[in-house]
Amino acid sequence: MSDMHFTHIEMFLYLWLLPLLALLFMYAAGRRRKELAAFIEPGLLNKFPLATGSAGRTRRFILLCTAITLLVISLARPAWNLSETTIKQSGRDVVFMVDVSNSMLATDLKPNRLERAKLAMRDCIEKLAGDRVALVAFSGTASVKCPLTRDYGFFLMMLDSINTTSTGQGGTLIGDGLRTTMEQVFDDQEKQFKDIILITDGEDHESFPVQAAQAAGDAGIRLLIIGLGDEKKGRRIPLTTQDGKTTFLKYNGREVWTKLDGQTLREMALATPGGRYLPVATGTIDLGEVYQDLISSAERKELESKTIKRYEEKFQIFLGAAILLLAAEGLVGKTFLLLFFVLLPLISPEQGMAASPRSLVAKGNEAYENKKFSEAEKLYNEALDKAPKKYEALFNKGNSLFRLDKFDQAEQTYRQALFNAESTKSESQCWFNMGNSRFRLAEQKDGLQAKLTELQESANFFLKAFQLGANQTQAGHNLEITRKKIKEIEEKIQEQKKKEKKEKKQQEQQEQQEQQEQQEQQEQQEQQEQQEQQEQQEQQEQNTSQDNTKQQDNSADPGKNQEQQKEQEQQKQDAADQQTDQESDNLSEQNGTPPSSQNEIQANETDKQQDLTKKTVEAILEAEKKLQQMRNEQMRGRSAPVDKNW
């Protein structure tokens, strides 16, 4: 022992109690003697048992005073064996960039986006572990409100003071804010140990934020981006007038609607090494948990170091000696016995029961750790038979089913555990594991549409886990992976639809081509038939023309034909006259008709023959006229219809 040191030397003031105790002991002893002397004769006083116990009381008083002295010494915390210890202060440089544009006044987060961001940063500061922090407010311009410091009180004071008027220009220029932070806050000595926590709604006015994020990544700065606001519908921006009325921001006579631009923020996060984008949207976030998961656990640099002197404390020796002295006289024996009976009921009787639900769950956990998942599932089922609503058994059974690739059953089990969850953290874990199960279930699906449906449900589960506030880092990470997978599948579906549309179009074109070919073949066949008909018609016309030519040749000498016709008619008439004469003779002979009547009959017959001859000559002249018309029409290139009645 060397260089004894007392940390709380003021505790020795309690030693003034010892003289007071001694005076009280002496006063009590004297008063006891006086009282005994009043009842007992002086000769019998030394023989009385109560009087002979003064030596024992004196011994206990001395032990008590010694114990008190030892207790006071232990309270003074004696220490010796001086040693020197070097303490190194390590950490990271963390800059909080918060958007203070008017769009952060939107009320899709209560009370508004800016106030919710300030609350999240305050929660994060409470969990910092020696890191240096800085505060940058930005909108149309950027302003450094707090440089890198470990004075968290000053940081919180500046955080409370920021609002939408903290910068001199409106709008949102995220890229310019990043460039200002890199130039005015960080140094260029090291390209690591630097983080920027960017809290914004992502609406940027052409400041090239992705390029600025790439420059930050090249400088070794990691971006952790918190996206606030409704990404689908958006909200109007409320403003308070001088008379206290609430109106909404307008531009060119129209109300301005602001919504989260998640796509830009995702691209910015991916442009930096280890960057993350956490889409809070209209949910909640524990920024302190994000810090512990992503920043506190990351590699840290040495900020400063100092050497301190430390003594090895030895108060335990004096405290133990005091307790032994008190126990030696039985002053604390009853206390120990009382504590034993008080603590005895706290010993769980289930420790000795092999078939209790708790013991079965414990055995199942042991089998799960040894990767005996089937055995673990059986043990959890046995525990659930005894306690059907036991959360630990349900949740761990779901884990076992997940490890056995029974993802559908695992999700159902997690859902049962969700109904029996006892805390928000437990609910978040159930949603998170349900998301993992549905994601793995999507991998087993064959069709792209089936995969897309399962992945969309998985994303909803991860989002619910993220919004509940527990395990936000992993939930946000898995949510981003799922959304990226959904986007890839949607692109594949679009490509497949385009391909199917193209194939359908090609098939339609092919069918149209086939129909066109069939139509052309049909037209060719019809043309061939028409050609054959035309050839037949031409052949008929040619035959008709030949007949007409013959008739024309015959009609070329109408006088001769007429003489021949007259000769033929004369011959016919002579034959008819002869036959008539014979019939007349026969009739005259039979009937006795006079000769004058026969002459009249012959005259009538002659008139009829002349009429017939006249008609025949007219028919021949008409035929010649028609033949002349046919020759004229042939000379014009078209065939004339043949009158078969000529």
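Worth knowing before you read on, the calculation uses all heavy atoms, side chains too, and leaves out hydrogens, waters and symmetry mates. This one's a predicted model, so the numbers in the text were calculated from it and none came from an experiment.
Minimum interatomic distance between Glu480 and Pro279 (heavy atoms only, all atoms of both residues): OE2-CG, 3.5 Å. Minimum heavy-atom separation, Ala376 to Tyr368: CB-N, 3.9 Å. Looking at every heavy atom in both residues, Arg92 comes nearest to Lys194 through NH2-N, 3.6 Å.
Under the salt bridge (Lys or Arg N to Asp or Glu O under 4.0 Å) criterion, Glu490 pairs with no residue, sequence neighbours left out. In this view, Phe395 and Tyr391, Tyr414 satisfy the ring pair (Phe, Tyr, Trp, His ring centres under 6.0 Å) rule, not counting sequence neighbours.
Phe402 and Phe407 have perpendicular rings, their planes meeting at more than 60° on a 0 to 90° scale where under 30° would count as parallel.
A salt bridge between Asp160 and Arg122 is present, with a side-chain N of the basic residue lying under 4.0 Å from a carboxylate O of the acidic one.
When each of Ile162, Leu198, Thr200 is tested with Val98 by the rule side-chain contact (heavy atoms from CB on, under 4.5 Å), just one qualifies, namely Ile162. Of the listed residues (Arg415, Gln412, Glu411), just one forms a side-chain contact (heavy atoms from CB on, under 4.5 Å) with Ser437, and that residue is Glu411.
Between the side chains of Asp201 and Ser103, a donor-acceptor pair is found at a separation under 3.5 Å. A donor and an acceptor atom, one from each side chain of Ser139 and Thr167, are located under 3.5 Å apart. In the model, Gln263 has a side-chain atom that pairs as donor or acceptor with a side-chain atom of Glu267 under 3.5 Å. Looking at Thr172 and Ser101, their side chains do bring a donor and an acceptor atom within 3.5 Å of each other. Under the 3.5 Å distance criterion, with hydrogens and angles disregarded, no donor-acceptor pair is assigned to the side chains of Tyr380 and Asp385.
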Please report, to 0.1 Å, the donor-acceptor pairs under 3.5 Å made by any side chain of residues 451-459, with sequence neighbours excluded.
{"unit_1": "Lys451", "atom_1": "NZ", "unit_2": "Ala442", "atom_2": "O", "d": "3.2"}
{"unit_1": "Lys451", "atom_1": "NZ", "unit_2": "Glu443", "atom_2": "O", "d": "3.2"}
{"unit_1": "Lys451", "atom_1": "NZ", "unit_2": "Lys445", "atom_2": "O", "d": "2.9"}
{"unit_1": "Thr453", "atom_1": "OG1", "unit_2": "Gln449", "atom_2": "O", "d": "3.0"}
{"unit_1": "Glu454", "atom_1": "OE1", "unit_2": "Arg438", "atom_2": "NE", "d": "3.3"}
{"unit_1": "Glu454", "atom_1": "OE1", "unit_2": "Arg438", "atom_2": "NH1", "d": "3.2"}
{"unit_1": "Ser458", "atom_1": "OG", "unit_2": "Gly435", "atom_2": "O", "d": "2.8"}

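Distance alone, capped at 3.5 Å, places no donor-acceptor pair between the Ser428 side chain and the Thr424 backbone. One N or O on the side chain of Thr149 and one on the backbone of Asp151 form a donor-acceptor pair closer than 3.5 Å.
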Discussion item. Please determine whether salt bridge (charged side-chain N to carboxylate O under 4.0 Å, His left out) holds for the pair Lys118 and Glu115, giving the CA-CA distance in whole Å, both sets of side-chain angles, and the decisive distance to 0.1 Å.
Written reply: CA-CA 5 Å; Lys118 292 166 68 174; Glu115 292 300 323; 3.7 Å; yes
